[in-house]
Amino acid sequence: MTQAATSVDFVRGIVADDNRTGKFGGRVITRFPPEPNGYLHIGHAKSVCLNFGLAAEFGGVCNLRFDDTNPSKEEVEFVRSIQEDVHWLGFDWGRNLFYASDYFEQLFGYAVQLIEKGKAYVCDLTPEEVREYRGNLTEPGRESPFRNRSIEENLDLFRRMRAGEFDEGARTLRAKIDMASPNLNLRDPVLYRILNETHHRTGDDWPIYPMYDFAHGQSDSIENVTHSVCTLEFEDHRPLYDWFLDELEIHHAQQIEFARLNITHTVLSKRRLSQLVDEGHVNGWDDPRLPTISGLRRRGYTPEAIRDFCDRIGVAKRDNTVGIALLEHTLRDDLNKRSPRVMGVLDPLKVVIENYPEGQSEEIVSVNNPEDMSMGERRIPFSRTVYIEKDDFREEPPPKFYRLSPGREIRLKDAYYITCTGVVKDEATGEVIELRCTYDPETAGGTSSDGRKVRGTSHWVSADHAVDAEVRIYDHLFLTEDPDNVPDGGDFIDNLNPESLVVLKSCKLEQGLDKAKPGERFQFLRQGYFCVDPDSTPEAPVFNRTVALRDTWSRMDQARRS
RNA sequence: UGGGGAUUAGUCCAGUGGUAGGACGCCUGACUCUGGAUCAGGAAACGAGGGUUCGAAUCCCCCAUCCCCAGCCA
């Protein structure tokens, strides 16, 4: 059989072409270059998958390089978490772990070379003056009065900048390019600034630090990167990177820009993510509602699901906002295959089976995963009193409601058919607090010998054997597809979903689940996929709902009500 | 109003001169001891206008719209 022709994205197309023409001698070296100033999120995962994927597919390597050129924002904690997250996603940089700060000495040398060529100068303008001199989108800039210092003076001043003789912000080293360029990046960009900050790796060795623009391309060059894949906003920095590389006469990587990822109902910018964390709208960087890798991990996502998602969204140049439903789909798709099924009642309603002998119990056999019989079976205790889901009973059933109601018969999954014979209510509130039922002993195992059919099947948990647990139900963090879509004067915080986290305290879970370890995943039958939270203990188990199962009934029901 | 990018179903991605395809979502139906999964079917798009051509999503022109750039951030 022929398979549908699998098309490759434009980045892979370019790399394949370069290999064909021998542009880099058939070698492929990519890199993932995060700044260690925050946690990785799923937008980064797209880049990680692309860069490491490219290397793997073309028999190359992908470096992990921290672009740590701004000590005022960077921390070792981020360096640690980024490595953890990239590994967890399933990628390995081997021995190729680098830092732009590894190249500070070499970068300084490049700067000296530029000065010696008359292509860079020390400028004494204040930040405000630099801005004024730069001009704007429609008007050209003006040349700095310090632009024509002698090479000797520039060399002397730059060395004294390095020696720490000047105050922070007093001077900068700038490239001498073109103050009238329509590309603002070429209007004598700053190469080095004075920063009295302790760097997480070089300590206090340097009072001056290179700008990202001066470090990035040269770092790629030093590492012999062939394909430098980055996001669209760097497209008009490319002429600047090329200018540096040309002037320095060193290796050029081929830079390729692609569109960053956006996802509905969430935010993917470091600024907004930090704000959510800092202002306490969520509980830390690994809050399961966040699209950070650590948040998704805690939520119960698998690396496989995230990688599948990254494969499916493709790589292109147009701005895009992927529906969060696709992420949830790849998640369910993976979890469905691998998750053992268990029963858990989130909102319990007590059911007393009147004709089942008091004090008796028996074991019900249930398969662990109908999608994968190799996962085996388990035994579940059944007894006279069980819990079912409140939603599985309606005193006055609406049309198409297949579940339990007075006089109606349903199946308790893998156990027996039961018929509702009575309803006990709270006298004060009228709320249904208990159901009286009878069971048919002839339906053991959940099938009747007379061929009688029931429409509904409910999950259940034996009251005497139930594990009490807390379950955290997560929903989209934002109510709107685009959190930034707010009336004038508002901001994205206004769109937060007040019910993005609902904590259920009195859930009744199947025997044994108190022994599940943090990170373990299950499908709670008919409900969704759940995993054990790190907060969990055997005495006080805590489960996170990773994602709900598709629920045709609740959608019908909601549509009917509205 | 300078420069750089981008416009294909609701969404994402293919298709680069020969009847516009996939995925998610949505709608039907089948099946089912999870109203899950699975299976079958369906609705749904080339930003506008010109031109070239036997033939244009693809080539040319023009218009429109959206995104990025005025950090000593990355």
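Just so it is clear: chains get the letters A, B, ... in the order the sequence lines come, proteins before strands, and each one is counted from 1.
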Q. If we take the C1' atom in both B:G4 and B:U16, what is their distance in whole Å?
A. 23 Å

(Q) Ring centres under 6.0 Å, that's the criterion: do A:F382 and A:Y416 meet it? (A) yes

Q: When you get a sec, tell me which of B:A14, B:G35, B:U8 is the closest nucleotide to the side chain of A:R318?
A: B:U8

Q) Taking the same atom, P, in B:C46 and in B:U7, what whole-Å distance lies between them? A) 16 Å

Q) Centres of the A:F104 and A:H199 rings: under 6.0 Å? A) yes

Q.
So for A:Q527 and B:U34, does any side-chain atom that can act as donor or acceptor lie under 3.5 Å from a complementary atom in the base?
A. no

Q) In terms of side-chain heavy atoms of A:L525, which of B:G35, B:G25, B:U34 is nearest? A) B:U34

Q | Pairwise C1' distance for B:G25 and B:A9, with rounding to whole Å | A | 11 Å

Q: Please work out if A:V454 contacts a base, only the sugar-phosphate, or nothing of the nucleic acid, heavy-atom cut-off 4.0 Å.
A: nothing

Q: Tell me what A:R555 touches on the nucleic acid: a base, only sugar-phosphate, or nothing, going by heavy atoms under 4.0 Å.
A: sugar-phosphate

Q) For A:R260, does the CZ atom have more than 12 heavy-atom neighbours from other residues, nucleotides or ligands under 6.0 Å away? A) no

Q. Quick one: A:Q558 CD to B:C26 P, roughly how many Å, whole number?
A. 13 Å

Q) Do we see a donor-acceptor contact under 3.5 Å between the side chains of A:E328 and A:H476? A) yes

Q: In whole angstrom, give me the gap between the P atoms of B:C63 and B:G2.
A: 12 Å

Q) Of the nucleotides B:G2, B:A23, B:G5, which has the atom closest to the A:T138 side chain? A) B:G2

Q.
For B:G3 and A:R187 - does any side-chain N or O of the residue sit under 4.0 Å from the phosphate oxygens OP1/OP2?
A. no

Q. If you measure only the distance, is there a donor-acceptor pair under 3.5 Å linking the side chains of A:Y529 and A:Q523?
A. yes

**Q.** A:N37 and A:E35 side chains, donor-acceptor separation under 3.5 Å
**A.** yes

Q | For atom CD of A:E328 and atom P of B:G36, their distance in whole Å | A | 17 Å

Q. Does the separation of the ring centres of A:Y39 and A:F78 fall below 6.0 angstrom?
A. yes

Q: Check whether the side chains of A:T69 and A:D67 place a donor and an acceptor atom closer than 3.5 Å, and report yes or no.
A: no

Q: For B:C27 and B:A43, measure between their P atoms and round to the nearest Å.
A: 16 Å

Q) For B:A70, which nucleotide in any strand shown is its Watson-Crick or wobble partner with both distances under 3.5 Å? A) none

Q) With respect to the side chain of A:E235, which nucleotide from B:A14, B:G36, B:G5 is positioned closest? A) B:G5

**Q.** Watson-Crick or G-U counterpart of B:A30, or none if no pair lies under 3.5 Å
**A.** B:U38

**Q.** Distance-only side-chain donor-acceptor flag, A:E510 / A:H459, under 3.5 Å
**A.** no

Q) Between the side chains of A:R272 and A:S269, is a donor N or O closer than 3.5 angstrom to an acceptor N or O? A) yes

**Q.** Interatomic distance at P, B:C62 relative to B:G3, whole Å
**A.** 14 Å

Q: Specify the separation, in whole Å, of atom NZ of A:K453 and atom P of B:G35.
A: 15 Å

(Q) With hydrogens left out and only the distance checked, is there a donor-acceptor pair under 3.5 Å joining A:E371's side chain and the base of B:G36? (A) yes

Q.
Under a 3.5 Å cut-off for both contacts, is B:C24 paired Watson-Crick or G-U wobble with anything, and if yes, with which nucleotide?
A. B:G10

Q. When every nucleotide of nucleotides 65-74 of chain B is labelled 5' to 3' by its protein contacts under 4.0 Å (heavy atoms), B for base, S for sugar-phosphate only, - for none, what sequence of letters results?
A. --SSBBSBSB

**Q.** Any N/O donor-acceptor pair, A:R332 side-chain to B:G36 base, under 3.5 Å
**A.** no

Q. Which part of the nucleic acid, if any, lies within contact of A:K413, taking any heavy atom under 4.0 Å across all strands shown: a base, the sugar-phosphate backbone alone, or nothing?
A. base

Q: Answer with base, sugar-phosphate or nothing: what part of the nucleic acid does A:G446 contact at a heavy-atom distance below 4.0 Å?
A: base

(Q) In whole Å, measure the gap between the C1' atoms of B:U53 and B:U1 for me. (A) 38 Å

Q) With respect to the side chain of A:N320, which nucleotide from B:C26, B:U34, B:C12 is positioned closest? A) B:C12

Q.
Between A:R312 and A:T447, which residue's closest nucleotide on RNA chain B lies nearer the 5′ terminus?
A. A:R312

Q) RNA chain B: A:L412 or A:R238, which has the more 5' nearest nucleotide? A) A:R238

Q.
When both hydrogen-bonding distances must be under 3.5 Å and the geometry is Watson-Crick or G-U wobble, what is B:U16 paired with, if anything?
A. none

Q) Roughly, in whole Å, what's the span from CZ in A:R411 to C1' in B:G35? A) 13 Å

Q) CG of A:L268 versus P of B:C12: gap in Å, rounded? A) 14 Å

Q.
With the 90 degree cut-off around zero defining syn, does B:G22 come out syn or anti?
A. anti

Q | A:I256 CD1 to B:G5 P, straight-line distance once rounded to whole Å | A | 15 Å

Q | d(CG, A:D391; P, B:U34) in whole Å | A | 18 Å

Q: For A:F309, report the nucleic acid contact type (base, sugar-phosphate, nothing); a contact means any heavy atom under 4.0 Å.
A: nothing

Q.
Between C1' on B:U38 and CG on A:N336, what's the gap in Å once rounded to a whole number?
A. 10 Å

Q | Euclidean distance for C1', B:A57 against B:G49 (whole angstrom) | A | 16 Å

Q. So, is A:H329 close to the B:C24 phosphate, meaning a side-chain N or O under 4.0 Å from OP1 or OP2?
A. yes

Q: Please confirm whether the backbone N or O of A:A180 pairs with a side-chain atom of A:D178, one donor and one acceptor, at under 3.5 Å?
A: yes

